[in-house]
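The structure under discussion appears below in the form of structure tokens.
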Amino acid sequence: MLTLRRTVLCVDDDPDDQLMVLDSIKAIDPTMRVASALNGVEALRFLEESKQRGQLPCLVLMDINMPLMDGKQAITHIKKDKELDRVPVVMFTTSSSAVDQTFCELHGVPFITKPISQRGLEETVKRLLHYYAA
């Protein structure tokens, strides 16, 4: 049986953005585990391993523009798997492209533009954790 763990997977190729997300989550809930992936390939590997253990993360924060496999390609793979599709994915990106926003709408993935400030990021992450990881 699969359960959703109090783990957030942060998928972003920018280490500074990953660190900001980690710091925000730990400031909100120090017991929350944060896993990181630098691209869609690593994210899918993490999710498959989590699925095999029966402990999927409670939330995936995914950037769009990454090397090897971007966020849209990763979401396409996730949505094809009935078990992985249970995991809430939020596109968390600096992109403001209407094409990217439409893609996310069509796949039922919330699209959030990254805030610039640490405080704005903490407020956004707090809302996401409250909604998805309660």
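For reference, positions follow the sequence shown, starting with 1.
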Name all residues meeting the side-chain contact (heavy atoms from CB on, under 4.5 Å) criterion together with L38; count only those two or more places apart in sequence or in a different chain, and write none if there are none.
Q18, E42
Of all residues at least two apart in sequence or in a different chain, which pass the salt bridge (charged side-chain N to carboxylate O under 4.0 Å, His left out) check with E123?
R119
Donor-acceptor check, side chain of K26 to backbone of M32, threshold 3.5 angstrom: yes or no?
yes
Roughly how far, to the nearest 0.5 Å, is the CZ atom of R6 from the CG atom of D29?
4.5 Å
Table please: side-chain donor-acceptor pairs of residues 65-72 below 3.5 Å, with sequence neighbours left out.
residue, atom, partner, partner atom, Å
D70, OD1, K72, N, 3.1
D70, OD1, Q73, N, 2.8
K72, NZ, D100, OD1, 2.9

Separation between CD (E83) and OG (S50), nearest 0.5 Å, reads 12.0 Å
Separation between CG of D63 and OG1 of T94, rounded to the nearest 0.5 Å:
6.0 Å
Decide yes or no for N39 and V11: does some side-chain heavy atom of the first lie under 4.5 Å from some side-chain heavy atom of the second?
no
The side chain to side chain contact (heavy atoms under 4.5 Å, CB included) partner of V90 among V109, L61, V60, V8 is L61
Given side chains that start at C-beta, do those of V87 and P57 come closer than 4.5 Å, heavy atoms only?
yes
How far does CG of D85 sit from CG of D81, to the nearest 0.5 angstrom?
8.0 Å
Contact between I112 and M91 at the side-chain level, heavy atoms closer than 4.5 Å - yes or no?
no
Inter- and intrachain pairs under salt bridge (charged side-chain N to carboxylate O under 4.0 Å, His left out), touching residues 11-20, at least two apart:
D12-K114, D17-K114
Closest approach of C104 and F111, non-hydrogen atoms and distance?
SG-CD1, 3.6 Å
Check: L59 and L9 side chains under 4.5 Å, non-hydrogen atoms:
no
Shortest non-hydrogen contact from T113 to S95?
OG1-O, 3.8 Å
By side-chain contact (heavy atoms from CB on, under 4.5 Å) - contacts of T76 (at least two apart):
K80, F103, H107
What's the spacing between E48 CD and H77 NE2 if we round to 0.5 Å?
10.5 Å
What is the minimum heavy-atom distance between L44 and A74, and which atoms define it?
CD2-O, 4.1 Å
Going by the rule salt bridge (charged side-chain N to carboxylate O under 4.0 Å, His left out), which residues pair with K126 if we only count those two or more places apart in sequence or in a different chain?
none
Rounded to the nearest 0.5 Å, how far does CE of M62 lie from CD1 of I75?
5.5 Å
